Amino acid sequence: MHRPMPLIDSHCHFDFDAFAADRHEVWQRCVALGMQAMIIPGISISQWRPLFALVNAQPDWYGAVGVHPWWVAELAIEPAQLQRAIEERVARERAGNNRCIAVGECGLDANIDAPMDAQLAAFEAQLRAARSLDLPVIVHCVRAHNEVIRLLKSVRPPQGGVIHAFSGSRETADEYWKLGFYLGAGGTITYPRAAKTRATFTSVPLESLLLESDAPDMPHAGRQGERNSPEYLPAVAEILAGLRGISVDEIAAQTTKNARALFNL
């Protein structure tokens, strides 16, 4: 059992069926560890309604509205319609509990079959929605940093955002930070073999980092094949503290401050 420390899980798919049987119990364990808030990203249009039904019932959970690149292929609407759908959903949430704090998860993934031109069009539409709504963006990027950076420079959502599960070089990290984008640190840094990612998270400004579980995905070293859980987030904080040679309390305090600043919590 880790001792309590202030934490925010900036990226957790807590609405997924993997948590259907014990969601309340997992969250109670998270609260006992000091977790103050959780961000649950959007992944597809059909998911938005149940996502916000869940979020609006729990005061420390927040949601985002977006279409993940894995779900772009099933989109049956044009990019302009996608932008409008996001704007309409956010307006609906703002008229209610106002618990929608970002656009995303959206971005580019070069490891999947979805055509890159379709991914680019959907991503740009979501960046434009974020700009019109004045919201930060939760970005998924796999082997597509050049394309993502080019689009971010072109559209420039004013509230910036976070590059979820960042695993690039220090140079790429600096590019994102200059564009107003934080870097999400998660389970990847628990693997000693992830030398490049660990080196990046050791050297970038602490003010640029958020903690995330990406649960139920991104299992930690030693937990491969298991369901990942937000209750394991303290282990990410501890490893990050060890890499940087500072206290875990400093990691927890600063990353929580960063998440509150980015998502206006």
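Quick caveat, the model's predicted, so the values are computed rather than measured.
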| message | Could you measure the distance from the CG atom of Leu152 to the CD atom of Glu124? Nearest 0.5 Å is fine. | response | 11.0 Å
| Between Ser203 and Ala199, is there a donor-acceptor pair closer than 3.5 Å when you use the side chain of the first and the backbone of the second? | yes
| task | With sequence neighbours excluded, tell me which residues meet side-chain hydrogen bond (donor to acceptor under 3.5 Å, both in side chains) with His220. | result | none
| remark: Between His68 and the options His11, His140, His164, the ring-ring contact (aromatic ring centres under 6.0 Å, His included) test singles out His140
| How many angstroms lie between atom CE of Met5 and atom CD of Glu250, to the nearest 0.5 angstrom? | 13.0 Å
| request: State plainly whether the residues Arg223 and Glu226 are in salt-bridge range, i.e. N to O under 4.0 Å. | output: yes
| Counting only N and O atoms by type, is there a donor-acceptor contact under 3.5 Å from the side chain of Thr256 to the main-chain atoms of Ala252? | yes
| field | Least distance between heavy atoms, Pro234 atom then Pro230 atom | value | CD-O, 4.4 Å
| task | Quick one: list whatever passes side chain to side chain contact (heavy atoms under 4.5 Å, CB included) with Lys153, sequence neighbours left out. | result | Ile149, Glu175, Leu179
| Leu133 and Val103: CA distance, side-chain angles, deciding distance, side-chain contact (heavy atoms from CB on, under 4.5 Å) verdict | CA-CA 9 Å; Leu133 294 162; Val103 171; 4.3 Å; yes
| note | Of all heavy-atom pairs linking Pro158 and Asp134, the shortest is CG-OD1, 3.4 Å
| Can you tell me if Gln81 uses its side chain to pair, donor with acceptor, with the backbone of Glu78 under 3.5 Å? | yes
| Taking the side chain from Glu105 and the backbone from Val139, do they hold a donor-acceptor pair closer than 3.5 Å? | no
| For the atom pair CG (Leu233) and CD (Glu238), what is the distance rounded to the nearest 0.5 Å? | 10.5 Å
| said: Contact between Trp70 and Ile43 at the side-chain level, heavy atoms closer than 4.5 Å - yes or no? | reply: no
| Can you check whether Gly66's main-chain N or O pairs, donor with acceptor, with Trp48's side chain at less than 3.5 Å? | yes
| Between Glu231 and Cys30, what is the shortest heavy-atom contact and its length? | N-SG, 3.6 Å
| field | Co-members of Met218 in a cluster of I, L, V, M, F, W and Y side chains, linked at under 4.5 Å | value | none
| field | Within residues 187-201 or reaching into it, pairs that qualify as side chain to side chain donor-acceptor pair (under 3.5 Å) - sequence neighbours excluded | value | none
| field | Any side-chain donor near an acceptor of the partner, Asp15 and Gln47, under 3.5 Å | value | yes
| Side-chain donor-acceptor pair present, Thr202, Arg244, cut-off under 3.5 Å | no
| Nearest heavy atoms of Glu93 and Cys100, plus distance in Å | CB-CB, 4.0 Å
| Do any pairs count as a side chain to side chain donor-acceptor pair (under 3.5 Å) and have a residue in residues 33-45, sequence neighbours left out, and if so which ones? | Gln36-Arg260, Ser44-Ser46
| message | Applying side-chain contact (heavy atoms from CB on, under 4.5 Å) to Arg23 and Leu54, what does each step give before you reach the verdict? | response | CA-CA 11 Å; Arg23 191 176 287 117; Leu54 196 66; 4.0 Å; yes
| note | Contacts of Glu171 meeting side-chain hydrogen bond (donor to acceptor under 3.5 Å, both in side chains) (sequence neighbours excluded), chain-then-number -> Ser169
| task | Let me see the working for Leu135 and Gln159 under side-chain contact (heavy atoms from CB on, under 4.5 Å), right down to the final yes or no. | result | CA-CA 6 Å; Leu135 285 175; Gln159 296 304 321; 5.8 Å; no
| request: Apply side chain to side chain contact (heavy atoms under 4.5 Å, CB included) to Ala241 and list each qualifying residue two or more places apart in sequence or on a separate chain. | output: Val248, Ile251
| request: Report yes if the side chains of Leu206 and Ile246 come closer than 4.5 Å at any heavy-atom pair, otherwise no. | output: yes
| Interatomic distance, Ile239 atom CD1 to Phe201 atom CZ [nearest 0.5 angstrom] | 12.5 Å
| task | Using modelled atom types only, decide if a donor and an acceptor are shared between the side chain of Glu212 and the backbone of Asp214 within a distance under 3.5 Å. | result | no
| said: Donor-acceptor pair, distance only, cut-off 3.5 Å: does the side chain of Gln119 make one with the backbone of Asp109? | reply: yes
| request: Check whether more than 12 heavy atoms from other residues, nucleotides or ligands sit under 6.0 Å from atom CZ of Arg170, and answer yes or no. | output: yes
| Derivation and outcome, side-chain hydrogen bond (donor to acceptor under 3.5 Å, both in side chains), residues His13 and Asp217 | CA-CA 8 Å; His13 298 283; Asp217 301 318; 5.3 Å; no
| said: With a 4.0 Å cut-off on N to O distance, would you call Glu25 and Arg29 a salt bridge? | reply: no
| query | Please walk me through it: do Glu87 and Gln83 pass side-chain hydrogen bond (donor to acceptor under 3.5 Å, both in side chains)? | reply | CA-CA 6 Å; Glu87 291 167 350; Gln83 178 179 341; 3.0 Å; yes
| Nearest-0.5 Å distance that lies between atom SG in Cys106 and atom CG in Leu82 | 9.0 Å
| request: Group every Ile, Leu, Val, Met, Phe, Trp and Tyr by side-chain heavy-atom contacts under 4.5 Å, then state whether Val137 and Val142 land in the same group. | output: no
| field | Set of ring pair (Phe, Tyr, Trp, His ring centres under 6.0 Å) partners for Trp61, sequence neighbours left out | value | Phe14, Trp27
| query | Would you find a donor on one side and an acceptor on the other, under 3.5 Å apart, between the side chain of Arg89 and the backbone of Ile45? | reply | no
| Would you say Tyr232 and Ile189 are hydrophobically clustered, going by side-chain heavy atoms of ILVMFWY under 4.5 Å? | no
| said: Hydrophobic cluster membership, with links at side-chain heavy-atom distances under 4.5 Å among I/L/V/M/F/W/Y: are Leu33 and Leu211 in one? | reply: no
| request: Hey, could you give me the CG/CG distance between Leu108 and Asn111, rounded to the nearest 0.5 Å? | output: 12.0 Å
| said: My understanding is that a hydrophobic cluster links ILVMFWY residues whose side chain heavy atoms are under 4.5 Å apart, including indirect links. Using that, what else belongs to the cluster containing Ile39? | reply: Ile8, Tyr62, Ile101, Ile138, Val162, Trp177, Tyr182, Leu210, Leu262, Phe263, Leu265
| For Asn228, what residues pass the side-chain hydrogen bond (donor to acceptor under 3.5 Å, both in side chains) criterion, not counting sequence neighbours? | none
| Closest non-hydrogen atom pair, Leu75 against Ala122 | CD1-CB, 4.2 Å
| request: For the residue pair Tyr176 and Phe181, categorise the inter-ring angle as parallel (less than 30°), tilted (30 to 60°) or perpendicular (more than 60°). | output: tilted
| message | The criterion is salt bridge (charged side-chain N to carboxylate O under 4.0 Å, His left out); which residues satisfy it with Arg227, sequence neighbours excluded? | response | Asp22
| task | Determine yes or no for a side-chain-to-main-chain donor-acceptor pair under 3.5 angstrom, with Asp9 supplying the side chain and Ser213 the backbone. | result | yes
| field | Residues in side-chain hydrogen bond (donor to acceptor under 3.5 Å, both in side chains) contact with Asp249, at least two apart in sequence or another chain | value | Arg3
| Salt-bridge contact Asp174-Lys178 (side-chain N to carboxylate O under 4.0 Å) | no
| note | Closest non-hydrogen atoms of Arg156 and Arg131, given as atom of the first, atom of the second and distance, are O-CD, 4.0 Å
